[in-house]
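These notes are about the structure you will find just below.
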Amino acid sequence: MAVTIKTVGVVGAGQMGNGIAHVCALAGFPVMLNDVSADRIKAGIATVTGNLARQVSKKTISEDERKNALALIKPAEKYEDLTNCDLVIESATEKEDVKRKIFSDLCTVLKPEAIVASNTSSISITRLASATDRPERFIGIHFMNPVPLMELVELIRGIATDDVTFEASKTFVSKLGKTIAVSEDFPAFIVNRILLPMINEAIYTLYEGVGNVEAIDTAMRLGAHHPMGPLELADFIGLDTCLSVMQVLHEGLADSKYRPCPLLVKYVEAGWLGRKTKRGFYDYRGEKPVPTR
Ligand SMILES: CC(=O)CC(=O)SCCNC(=O)CCNC(=O)[C@H](O)C(C)(C)COP(=O)(O)OP(=O)(O)OC[C@H]1O[C@@H](n2cnc3c(N)ncnc32)[C@H](O)[C@@H]1OP(=O)(O)O
Ligand SMILES: NC(=O)C1=CN([C@@H]2O[C@H](COP(=O)(O)OP(=O)(O)OC[C@H]3O[C@@H](n4cnc5c(N)ncnc54)[C@H](OP(=O)(O)O)[C@@H]3O)[C@@H](O)[C@H]2O)C=CC1
């Protein structure tokens, strides 16, 4: 029997979670936004407020659309606040144990027919589904960063995802105005299977001294017409997320070509995660980003 998604929960109000809440609210879906603390949720809603205002100033949305969208996003400090959601999208840290814990706690309070999705960049949907009480109603809905600007969403079925869940998710993503690419459930799906090895290769290019940060990013922006250089993009994604995806590829495909660059490991170990910590391959603490190598 068909399922219609009316109310959405988002777990994780970071870079991606707040963007998912932003686009769902703009499409008219009431959104319950959860994170580890009230402060995190507040920060997430503040980011959405700023991004909606930017879209008004760029005339991509009207002032009324901005007001209506913001009114649809509510803080959900406890999982119990998500009980009435028809769909809950997890967008927490790219660590399997973090996600599995969220699902095992979350499912106990959700409606039996609610769909649970992960915005994971790379982790097996089939394996994540096994941490829930509803593998048939579990699916990967993978948004791209920044969510309000990027058109693509990857849909990934686990081995048990049923047709009703797949169809309801397709309808939901289309209502957001996004274009769908369907990926099989293999490590890092399609986009990150291709993009992250390129970013990792750019970091190796830096690590081996072939070029410095500025040369590498300039080369790819002007030489390959990328909107951002690969190192700028890595900082934008988050170096922790980049490393997690490379580890999933390396372990999942058992091929040394996916070995994370030791320099990426070093930056993550230093807590230099990119934009979100104000330092990665660039230092963002001043007026302009300054290369750190
Ligand atoms: C890792 C995964 O699992 C999958 C992925 O997402 S892979 C990553 C996919 N994303 C990309 O490849 C992004 C590549 N970059 C781009 O397409 C462009 O640089 C961009 C769309 C991000 C920005 O393009 P732009 O022309 O600078 O747009 P503009 O509107 O002027 O944005 C300017 C700024 O606002 C940001 N921005 C704009 N609108 C935004 C929004 N609604 N939400 C968040 N950030 C936004 C831009 O990132 C940029 O940030 P800074 O001001 O801090 O530099
Ligand atoms: N960054 C990107 O370009 C993209 C990322 N993704 C995927 O989206 C997901 C989120 O990534 P991103 O937004 O970048 O990560 P961020 O680090 O920006 O945000 C993750 C958020 O989840 C919070 N969190 C951690 N544990 C929990 C929990 N148990 N319950 C609720 N919230 C929790 C974190 O809080 P705290 O910081 O306190 O731990 C943080 O606020 C990941 O799976 C990632 O792979 C998908 C597409 C693109």
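Reckoned from all heavy atoms, side chains included, excluding hydrogens, waters and symmetry mates. Note that ligands are numbered from 1 as they come in the structure, with each ligand's atoms numbered from 1 the same way.
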**Message:** Check this for me: does any side-chain nitrogen of one of D97 and K95 sit under 4.0 Å from a carboxylate oxygen of the other?
**Reply:** no
**Prompt:** If every non-hydrogen atom of L239 is compared with every non-hydrogen atom of V268, which pair is closest and at what distance?
**Reply:** O-CG2, 3.4 Å
**Message:** Residue by residue, ordered by chain and number, which ones reach under 4.0 Å of ligand 2 with a heavy atom?
**Reply:** V11, G12, G14, Q15, M16, N34, D35, V36, R40, Y79, S91, A92, T93, E94, V98, K99, I102, N119, T120, S121, H142, F143, N145, I237, T241, K276
What are the polar N/O contacts of ligand 1 with the protein below 3.5 Å, with distances?
unit_1: ligand 1; atom_1: 3 (O); unit_2: S121; atom_2: OG; d: 2.7
unit_1: ligand 1; atom_1: 3 (O); unit_2: H142; atom_2: NE2; d: 2.8
unit_1: ligand 1; atom_1: 3 (O); unit_2: N192; atom_2: ND2; d: 2.8
unit_1: ligand 1; atom_1: 6 (O); unit_2: N145; atom_2: N; d: 2.8
unit_1: ligand 1; atom_1: 10 (N); unit_2: N145; atom_2: O; d: 2.7
unit_1: ligand 1; atom_1: 30 (O); unit_2: K58; atom_2: NZ; d: 2.0
unit_1: ligand 1; atom_1: 31 (O); unit_2: K58; atom_2: NZ; d: 3.1
unit_1: ligand 1; atom_1: 35 (O); unit_2: R54; atom_2: NH1; d: 2.7
unit_1: ligand 1; atom_1: 39 (N); unit_2: R54; atom_2: NE; d: 3.4
unit_1: ligand 1; atom_1: 43 (N); unit_2: N51; atom_2: ND2; d: 3.4
unit_1: ligand 1; atom_1: 50 (O); unit_2: R275; atom_2: NH1; d: 3.4
unit_1: ligand 1; atom_1: 53 (O); unit_2: R275; atom_2: NH1; d: 3.0

**Fill in**
Sorted by chain and residue number, the salt bridge (charged side-chain N to carboxylate O under 4.0 Å, His left out) partners of K74 (sequence neighbours excluded) come out as none
**Message:** Does this structure show an ion pair linking E269 with K266, if we count only N-O contacts that are shorter than 4.0 Å?
**Reply:** no
**Request:** Keeping the roles fixed (side chain from E136, backbone from F138), state whether a donor-acceptor pair exists under 3.5 Å.
**Result:** no
**Complete:** For R127, the salt bridge (charged side-chain N to carboxylate O under 4.0 Å, His left out) test, sequence neighbours excluded, returns E96
**Request:** Work out which heavy atom in A13 is nearest to a heavy atom in D35; give both atom names and the distance.
**Result:** N-OD2, 2.6 Å
**Asked** Checking D133 side chain against T108 main chain: does a donor-acceptor pair fall under 3.5 Å?
**Response** no
**Message:** Does the structure place the NZ or CZ of R275 under 6.0 Å from the centre of the six-membered ring of F236, at an angle of no more than 45° from the ring's axis?
**Reply:** no
